[in-house]
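Remember, it's a predicted structure, so these values are computed and weren't measured experimentally.
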Protein chains: 2
Amino acid sequence: MPNSEPCVSPLELFNSIATQGELVRSLKAGNASKDEIDSAVKMLLSLKMSYKAAMGEDYKANCPPGNPAPTSNHGPDATEAEEDFVDPWTVQTSSAKGIDYDKLIVRFGSSKIDKELINRIERATGQRPHRFLRRGIFFSHRDMNQVLDAYENKKPFYLYTGRGPSSEAMHVGHLIPFIFTKWLQDVFNVPLVIQMTDDEKYLWKDLTLDQAYSYAVENAKDIIACGFDINKTFIFSDLDYMGMSSGFYKNVVKIQKHVTFNQVKGIFGFTDSDCTLGKISFPAIQAAPSFSNSFPQIFRDRTDIQCLIPCAIDQGPYFRMTRDVAPRIGYPKPALLHSTFFPALQGAQTKISASDPNSSIFLTDTAKQIKTKVNKHAFSGGRDTIEEHRQFGGNCDVDVSFMYLTFFLEDDDKLEQIRKDYTSGAMLTGELKKALIEVLQPLIAEHQARRKEVTDEIVKEFMTPRKLSFDFQ
Amino acid sequence: MPNSEPCVSPLELFNSIATQGELVRSLKAGNASKDEIDSAVKMLLSLKMSYKAAMGEDYKANCPPGNPAPTSNHGPDATEAEEDFVDPWTVQTSSAKGIDYDKLIVRFGSSKIDKELINRIERATGQRPHRFLRRGIFFSHRDMNQVLDAYENKKPFYLYTGRGPSSEAMHVGHLIPFIFTKWLQDVFNVPLVIQMTDDEKYLWKDLTLDQAYSYAVENAKDIIACGFDINKTFIFSDLDYMGMSSGFYKNVVKIQKHVTFNQVKGIFGFTDSDCTLGKISFPAIQAAPSFSNSFPQIFRDRTDIQCLIPCAIDQGPYFRMTRDVAPRIGYPKPALLHSTFFPALQGAQTKISASDPNSSIFLTDTAKQIKTKVNKHAFSGGRDTIEEHRQFGGNCDVDVSFMYLTFFLEDDDKLEQIRKDYTSGAMLTGELKKALIEVLQPLIAEHQARRKEVTDEIVKEFMTPRKLSFDFQ
């Protein structure tokens, strides 16, 4: 029976248990509340039960499936409190440098975007790789070589990305996948679908359907302002498109037939008691756009057109589930490009909160607000006094202004010069922040100007199911 | 938090546990297989866990919630092996007379359709009550008086019923809700929506999407042949309509936000391991047509139009869930009219199987097949010899031919005469069967003739979302 096969690989489950065990230990060590610890322990037990159900034997620490001997370099003491926790709702790390992405790659079983792959993208497209590639911001992938094979053989593929419209307020970090996706669309010249998961936000947040939908439309304006080609881009609200597409619901039902509750429990850490039907079934709705016949207006009934998904690594669980179910319903697995997290102004240990305007630069900020926020709130890797700073230099690894520059300053040489000067102490924190402000102010102002030009008619056209300029082969 | 409230009342849960306990006992007593017993025990434990979660204390037999003393007339010995088990997938009874419907009413907390209510329907409509009402075939209701209040005050309501198209083969029993719904549509002059749950059949059966949809269309022809008014009837396939309606998915998501997995587990007896996302989320899809704004083409954005659902009692769990969630999402609860089960030719202990052509009269049967099936397979309440029969008489309570006549013979006096004559022994089994054959042959032939006239164009019109002739007040 295909739908009794485990959706997560035993190794993935094993890794989830290891991570969760470490979370429990660090909660206990860190004086977390009883409730927090209890709920983490519950999830740990549930993961262990899933493991036993899948493997027919109990989980044993340091004995990954298919590897009976304990791994020597990865004992419990070595990793304790060092591991990060990442899922679509939680990003947790104790390090000011942020998540350890190399470890995430190992844990998730994805592949590193290495120099060789970047060179291949450059050769295939004839374009200089985007700074997000050059700088490891998109750091991990699945099956990108397959996409390039197809591209080099003139076979079609398409891009899919999305956004959960939880409020009107988008910050610069939200733009990362869209800036990169626009570049991919330009250099590969392919169609793109953008899912606005207003249904998800309705299900998880205290919003009405109308509010969630209106956020979807408002956010679409900011996305359009990134410069997508209207002839090659379809933006859709789930609440809307489900009722307009002859293909979308059919794929949702297909996926829902072939994924069990135990599987999503293992992947997303759902527990029985907190779970509404909506939360349980939502993963299928995020999965469905990975299959080309969810968009008959674009791809007709073609099911074989590969999908490439650029997204932040926290969306990984959704697409691991998607890739697992794909062959069981006769569709190709989507390829993935994963980005790192965008740090909060206060430091890389936390995710930005939309309800805290000082936690990042928002797309509605004025030049003055940008200046004030960076100067007041951007966590600094500088020394306590100018004298100490000149003598010992600053720490770019934890400095949020420098991190933001790696995202937004295009000029590699200039960035490298700043890194050197700040590390040596030649550049002071105020100067570093000024450099960032000078990058952010025009970036945001230009975004705002482009957004102003996005009329309701333009939004409506982007959001109308229609043919896209797409070359069938 | 509204969505942490239990969806089943503690009393309903209590009753489910009692029923399940009795099922386990009877399985053990009846030499059932280990697997069957194990799975029944598992469900019992899961129900007890839900009870404890809802009530904060363990389930105690004969101590219904809010009633600490054991009930005196309902001890475990008295009820053992007497209780029936009914849910949308299982109907189980040990009695040849069939399910004890008075007990079901008590267990489900619905109301009996009594003489007083039938008289009220007659007064309100000015029409003689349908034989299904006169004979207790529609035997139970919820809030029917509310519907009649509305009707008498010239407020609108609408009808909703449905069918799970698991194959092309429909039998006469399948027509019961449709025959009755057509009568309701005629006497109340109201719009009707008919849901074909092809998605459900895809999820539960080994069918492709295309097969499930084609069964929906084929079954729609048999339904249309019952004589529904094309100006007042909308028939829809879920797989189709979900992608055509601006209102349906929105209500599905609303329901899915407000029902938890624990709740559907309690109601439908789902277990974690066997449950696909599709099965878990389907109850919301059957619930959504109970709310008028799922059909904007008919009711615009009106949310206050009451729904009346005629259906077999096995659909009860879906609509208990629906009624529970309705006030939490600001909609009126649907009213219900429940019918008894239609017995298999072999006897009232089992449900008819579509894969066994001899288990009932199918809508495609020839006159000859009808005659042979009734004569050969209809379970008889007659005596072993003519002499004994003449002396002691037959038993109409277990005689399937007589049961079928109660469904299909319109003439009350004739039916009563047959009952008397067969009971006294004046009428022989062959004569009773002949009476049934003479009712069924023209009934099926006329159905086949009407079905022949149902062209693809007519089906298409019934299944097109459109305005219906409907008087808004």
Side-chain angles (χ1 to χ4, degrees), chain A residues 1 3-4 46 49-50 53 198-200 202-210 212-213 238-265 270-285 287 296 321 325 329, chain B residues 1 3-4 46 49-50 53 198-200 202-210 212-213 238-265 270-285 287 296 321 325 329:
Chain A
M1 294 283 293
N3 63 7
S4 63
S46 134
M49 281 168 61
S50 304
D198 45 3
D199 50 354
E200 177 210 356
Y202 169 75
L203 289 166
W204 262 267
K205 304 256 171 190
D206 187 18
L207 293 176
T208 65
L209 284 173
D210 287 343
Y213 177 72
D238 286 343
L239 290 172
D240 235 17
Y241 184 59
M242 189 71 83
M244 303 167 87
S245 168
S246 63
F248 194 29
Y249 179 59
K250 284 173 192 158
N251 274 341
V252 168
V253 173
K254 270 196 166 183
I255 297 160
Q256 291 186 338
K257 179 172 178 165
H258 293 89
V259 180
T260 68
F261 181 53
N262 269 355
Q263 291 162 349
V264 295
K265 238 161 77 165
F270 290 153
T271 59
D272 286 20
S273 54
D274 69 354
C275 247
T276 63
L277 305 195
K279 289 184 183 181
I280 294 172
S281 51
F282 177 74
I285 292 175
M321 186 203 86
V325 80
I329 57 178
Chain B
M1 295 283 292
N3 63 5
S4 63
S46 134
M49 279 168 63
S50 303
D198 45 3
D199 50 354
E200 177 211 357
Y202 169 75
L203 289 166
W204 262 267
K205 305 257 170 188
D206 187 18
L207 293 176
T208 65
L209 284 173
D210 286 343
Y213 177 73
D238 286 342
L239 290 172
D240 235 16
Y241 185 59
M242 190 71 84
M244 303 167 86
S245 168
S246 63
F248 195 28
Y249 179 59
K250 284 174 192 157
N251 274 342
V252 168
V253 174
K254 269 197 167 180
I255 297 159
Q256 290 185 338
K257 178 172 179 166
H258 293 90
V259 179
T260 67
F261 181 54
N262 269 354
Q263 290 163 349
V264 294
K265 237 162 74 167
F270 290 153
T271 59
D272 286 20
S273 54
D274 69 355
C275 248
T276 63
L277 305 194
K279 289 184 183 180
I280 294 172
S281 51
F282 177 74
I285 292 175
M321 186 203 86
V325 80
I329 57 178

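The minimum heavy-atom distance linking A:Gln256 with B:Thr276 is given by the pair O-CB, 3.3 Å. Across A:Lys257 and B:Lys205, no two heavy atoms sit closer than the pair NZ-O, 2.8 Å.
Using a 4.5 Å cut-off between heavy atoms, A:Ile280 touches chain B through backbone and side chain atoms alike. Only the side chain of B:Leu209 comes within contact range of chain A, judged by heavy atoms closer than 4.5 Å.
Interatomic distance, B:Ser246 OG to A:Met244 CE, rounded to the nearest 0.5 Å: 9.0 Å. From B:Lys279, atom NZ reaches atom CG of A:Leu277 across 15.0 Å, with rounding to the nearest 0.5 Å.
Annotation: ring-ring contact (aromatic ring centres under 6.0 Å, His included) contacts of B:Phe248 (sequence neighbours excluded): B:Phe236, B:Tyr241. Checked against side-chain hydrogen bond (donor to acceptor under 3.5 Å, both in side chains), B:Asn251 has the following partners two or more places apart in sequence or in another chain: B:Asn293, B:Ser294, B:Tyr331.
By the 4.5 Å heavy-atom criterion applied to side chains, A:Ile285 and B:Tyr249 are counted as neighbours.
With respect to chain B, the highest number of heavy-atom pairs below 4.5 Å among A:Lys254, A:Met242, A:Lys250 belongs to A:Met242.
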